[in-house]
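These values consider heavy atoms only, across backbone and side chains, with no hydrogens, waters or symmetry-generated copies. A quick note: this is a predicted structure, and the numbers were derived from the prediction, not measured. Counting begins at 1 with the first residue of the sequence.
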Amino acid sequence: MYAIRECHPVAFDYTLVRHGGKVVSKKVNPHFKYDALDGAFVKTLPLHSSQEILSDTSDGLTVRLRLRITNDFVMALLSRSRSVEVVSPLHLRQRLHDVWAEALRRNGPAQSFKQPMGTT
């Protein structure tokens with residue numbers, strides 16, 4: 001006999017759609033700003049084939065993309081963490097913030113670090 005488990009409603013993210021038998025996010029048009037140094041890099045090696053330069057000044061570069069936000073894409077953004085600013089969408093900005101906040105929590109200042117016993 002099977003036990004009946006209580007089901008709880010799950011919040012559904014309506015930005016997800018079925019695509020080729022997989023659930024993926026819809027394409028969005030994220031905007032990013034980079035400082036001049038990283039901007040030069042992003043111009044030379046675009047983040048994505050859809051990359052469009054919106055602004056290129058001595059202060060930095062602003063680009064727009066058209067893509068699905070995947071974990072691989074988030075990792076690519078994190079590789080330019082030094083200067084990237086997510087202008088939109090806000091849920092992506094929050095996602096990067098959460099990653100950075102967790103990294104700061106794990107890698108706090110040296111004075112709060114407790115070295116494991118038996119290591120130098």
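Hydrophobic clustering (side-chain heavy atoms under 4.5 Å, transitive across Ile, Leu, Val, Met, Phe, Trp, Tyr) groups Val86 together with Trp100. The cluster map of Ile, Leu, Val, Met, Phe, Trp and Tyr, joined by side-chain heavy atoms under 4.5 Å apart, puts Val84 and Val63 in the same cluster. Residues Val87 and Ile53 fall into different hydrophobic clusters, defined by Ile, Leu, Val, Met, Phe, Trp and Tyr side chains chained together at heavy-atom separations under 4.5 Å. Under the 4.5 Å side-chain heavy-atom criterion for ILVMFWY residues, no single connected hydrophobic cluster contains both Leu104 and Leu96.
Between Leu67 and Pro30, the closest heavy-atom pair is CD1-CG, 4.2 Å. The minimum heavy-atom distance linking Ala36 with Ser58 is given by the pair CB-O, 3.6 Å. Taking both residues in full, the closest heavy atoms of Arg68 and Lys27 are given as NH1-CE, 3.5 Å, listed atom of the first, atom of the second, then distance. Between Leu54 and His31, the shortest heavy-atom contact is CD1-CD2, 3.3 Å. A pairwise comparison of heavy atoms in Ser50 and His48 identifies OG-ND1, 2.7 Å as the closest pair.
Within the 4.5 Å cutoff, the side chain of Leu77 has heavy atoms near those of the Phe73 side chain. Contact annotation: the side chain of Ile69 approaches that of Val28 to within less than 4.5 Å [non-hydrogen atoms, C-beta and beyond]. At a threshold of 4.5 Å between non-hydrogen side-chain atoms, the residues Thr57 and Thr62 do not count as touching. Counting heavy atoms from C-beta on, the side chains of Arg95 and Asn71 come closer than 4.5 Å. Contact check for Phe32 versus Val42: no side-chain heavy atoms found under the 4.5 Å cut-off.
Under the 6.0 Å distance and 45° angle rule, Arg80 does not count as a cation-pi partner of Tyr34.
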> Run the salt bridge (Lys or Arg N to Asp or Glu O under 4.0 Å) check on Arg82 and Asp35 step by step: do they pass?
Replying inline: CA-CA 9 Å; Arg82 188 188 66 74; Asp35 69 8; 2.9 Å; yes

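To the nearest 0.5 Å, the span separating OG on Ser79 from CG on Leu47 amounts to 7.5 Å. How far CG of Asp56 is from NZ of Lys43: 3.5 Å, rounded to the nearest 0.5 Å.
Counting heavy-atom neighbours within 6.0 Å of Leu90 CG, excluding the residue itself, gives a total of 12 or less.
Judged by distance alone, with hydrogens and angles left aside, the side-chain atoms of Arg64 form no donor-acceptor pair with the main-chain N or O of Glu52 at under 3.5 Å.
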